[in-house]
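The block underneath contains the structure these notes are about, expressed in structure tokens.
Residue numbers begin at 1 in each chain, while the letters A, B, ... track the order of the sequences. These numbers come from the heavy atoms of this one structure, side chains and all, not from hydrogens, waters or symmetry mates.
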Amino acid sequence: MINQELAEIFSLLADALEYKGDNIFKIRAYRKASRIIKDFSLNLREFSKEKPFTEIPGIGEGIAKKIKEYIETGHIHKFEEEKKNIPCGIFEMLKIQYLGPKTLKYVYEELRVDTLEKLKNVMNDGSLAQLHGMGDKKIERLKEAIELYETSEIGKKRFLIGDIYPAIEEIVARLKKITGNVTPCGSYRRMKETVGDIDLLAVSDKGQQVTDFFITLPFISKVISIGYTKATVILKNHGIQVDLRVVKPDSFGACLQYFTGSKAHNIKLRTIAKSKGLKVNEYGVFKGKKKIAGATEKGVYESIGLEYIPPEMREDSGEVELAIKHKIPRIVEYDNFKGDLHVHSNYSDGTSSILNIAKIAKAMGFEYIAICDHSQSVTYAGGLSEDILAKKNEEIDRINEKIKGIFILKGAEVDILRNGKLDYPDSVLKTLDIVICAIHQGFRKNVTKRFLEAMENPFIHIIAHPTGRLLSGRKGYDVDLDKVFEKAQDRGIILEINSYFNRLDLNDTNVKRAKKYDIKFSIGTDAHNDGMLKYWRLGLGIARRAWITKEDIINCYTLRKLKNVLRKEK
DNA sequence: GCCGTTTTCGGCCCGACTGTTTTCAGTCG
């Protein structure tokens, strides 16, 4: 919580200084600090007891002092002072597209516009149009931006990666009809849990042809800009912005690198290149006028003396420093994944039969899959009585005898009840290959204590979605994760990375936190229908963003090794 | 305000598109 507050303050402070016209590099330093703090995996209040803030790259003496001041007093003097000089409505108006600090300051000085209401007034009465540099088109564009700001979520909202996944697939498929190579980049490629916009890269010698085709796609509501190398549009159904960039094949790697980001990662890369007398842009790496790399991403990194860095690591959180030393960890790869360990069938609230799930999983190349339906007290989700569970286990045995090439594990997602007890007795639990424990009731009631108690049970293997948060808006349990991690280490309990796109729980920062302990992870889609099985990639993306290896993830084990691990836990 | 494989001072990534300009400023990514 304190991290979010500080991130917000430094971001607003940057806005205030930018409006004032302060040194742009100082502003950039505050913005950078804001982002670093927002993504920082440890609570800053706790961190300060161990180490000085200046140990965090990007935080120097000045900002460290301000963090300390905020922790001790609840405010930052400099921010309070700077705020006084800024008309109150400016912070809000800065969120509107095409309204930057320069424009706002000019309009305030000329027309005393300090709120969105007043801005709309001067647009309507014609006085804005009297100002120098305010032509018809500019005002028209502003009007649209204000309308978008007021009526839609643009600029305010990020989209769940799973929600926009189908839109990306659709656009890519259509673009591929006129140019072979089309790749999604941006935060989507870095597998962030939410994305602000969609970035696509197409390879073609005829840029204008591709952008012209792109803006005529049927599901586009508005064209923001179009040139011969890039075009920007808004989609009808989500209101999300899509940027398309077109480059020639010999620049593909450089553009892929540039367009994947993150911004902070790219800036660091370019700074390093510059110090070596090189220049990096989206067309390649240049020594003077000579292009020395650009066709492949790997070539771009190597040409400036760095080891290749996987997209999911590119957040400027220490990966560049490791790449300089050629010590990038061997993080888990997508093709290491051997099977989904959390799937619901139509025995409880899923829609697919066990046989069907097994067939699809086999077609996806899985070696095994675990069917984990809800336990008896979760009546609203069709939880299984002990009798039905026994029947289900028999059915799985029968299918396993018949079907070749995939193994079905007998599992359950067993509720941890309000009193901390498990929803099945041990005599039932020991009939299962895999036991996942979860909280679906009493979110606010002694959650940590109940987790710890449940973890004493000798038959449980995994804790499902350990924080209980939903990205669509539920905050999650009131749980002390460090206590849970410590217990998991002591008891050899595995933690789930739930890959359902509204959960993504544990998330990247929490997995990073957990890996400081000796803990293994499992990936489960929590799929309730066939279509959801594909979201295992999101879970693996989280693992990659947390820099963990295939040895850390039990889904990467062979069936034999997996069975050994699950047996050993008992 | 941050930072150091020339540096504790003097740098700080780079380019596309738009609109209103006759060469550039503002904004965005």
A/T271 side-chain proximity, nearest of B/dA16, B/dC2, B/dC13: B/dC13

A/Y108 six-ring face occupied by A/R112 cation (under 6.0 Å, within 45°): yes

Sugar-phosphate, base or nothing in reach of A/F25, heavy atoms under 4.0 Å: base

Gap in Å between the two C1' atoms, one belonging to B/dC14 and one to B/dT20, rounded: 24 Å

Nearest-nucleotide pick for A/R28, side chain only, options being B/dA16, B/dG29, B/dC13: B/dC13

Side-chain N,O (A/Q241) to OP1/OP2 (B/dC28) below 4.0 Å: no

Spacing of A/K26 atom NZ relative to B/dG10 atom P, expressed in whole Å: 18 Å

A/D22 CG - B/dG1 P separation (whole Å): 8 Å

B/dC12 versus B/dC17 - spacing of their P atoms, nearest Å: 25 Å

Closest nucleotide among B/dG15, B/dC2, B/dC13 to the A/K279 side chain: B/dG15

Same-atom distance (P) from B/dT6 to B/dG1, integer angstrom: 27 Å

A/D526 and A/R503 ion-paired at < 4.0 Å: yes

Residue whose nearest DNA chain B nucleotide is more 5′ - A/A231 or A/L94: A/A231

Phosphate OP1/OP2 of B/dG15: any A/N281 side-chain N/O under 4.0 Å: yes

A/S225 side-chain proximity, nearest of B/dT18, B/dG1, B/dG26: B/dT18

Test of ring centre spacing under 6.0 Å for A/F79 and A/Y70: no

Nucleotide of B/dT18, B/dC13, B/dA16 approaching A/K274 most closely (side-chain heavy atoms): B/dC13

5' precedence on DNA chain B between A/P101 and A/G60 (nearest-nucleotide basis): A/G60

Candidate nucleotides B/dT18, B/dC12, B/dG19, ranked by approach to the side chain of A/K137 - the nearest: B/dG19

Contact under 4.0 Å: A/K66 side-chain N or O vs B/dG1 OP1/OP2: yes

Whole-Å distance separating the NZ atom of A/K138 from the P atom of B/dT21: 9 Å

Whole angstrom value for the distance that separates P of B/dC2 from NZ of A/K268: 14 Å

Atom P, compared across B/dC24 and B/dC13: separation rounded to whole Å: 22 Å

Rounded distance in Å between the P positions of B/dT21 and B/dT27: 16 Å

Sugar-phosphate, base or nothing in reach of A/I224, heavy atoms under 4.0 Å: nothing

Closest to the A/Y30 side chain, choosing from B/dG1, B/dG15, B/dT27: B/dG1

Option among A/K263, A/K192, A/R35, A/R190 that satisfies the side-chain hydrogen bond (donor to acceptor under 3.5 Å, both in side chains) test with A/E315: A/R190

Salt bridge present between A/R174 and A/E170 (N-O < 4.0 angstrom): yes

Distance below 4.0 Å between A/T229 side-chain N/O and B/dA16 OP1 or OP2: no

B/dT22 versus B/dG26 - spacing of their P atoms, nearest Å: 14 Å

Counter-base of B/dT8, judged by Watson-Crick or G-U geometry with both distances under 3.5 Å: none

Atom pair distance, as rounded to whole Å: CD1 in A/I226 and P in B/dG19: 13 Å

Spacing of the C1' atoms in B/dA16 and B/dG11 (rounded, Å): 26 Å

Side-chain ion pair, A/E81 and A/K78, N-O less than 4.0 Å: no

C1' atoms of B/dG10 and B/dG15, separation to the nearest Å: 25 Å

Touch class at under 4.0 angstrom, heavy-atom based, for A/G186 against every strand present: nothing

Any A/Y228 side-chain N or O less than 4.0 Å from OP1/OP2 of B/dG15: no

Distance-only polar pair, side chains of A/E117 and A/T115, donor-acceptor under 3.5 Å: no

Selected nucleotide, minimal atom distance to A/Y283 side chain, candidates B/dT21, B/dA16, B/dT27: B/dA16

Protein-nucleotide distance (A/E144, atom CD; B/dG19, atom P), rounded to Å: 10 Å

Nearest to side-chain heavy atoms of A/T103, which nucleotide of B/dG1, B/dT27, B/dG15: B/dT27

Side chain of A/Q97 (C-beta onward), nearest among B/dC17, B/dC28, B/dG1: B/dC28

Cation-pi check, A/R537 onto A/Y334 ring (under 6.0 Å, within 45° of axis): yes

Value in whole Å for how far the P atom of B/dC14 lies from NE2 of A/H265: 15 Å

Interatomic distance, A/I272 CD1 vs B/dG4 P [rounded to whole Å]: 11 Å

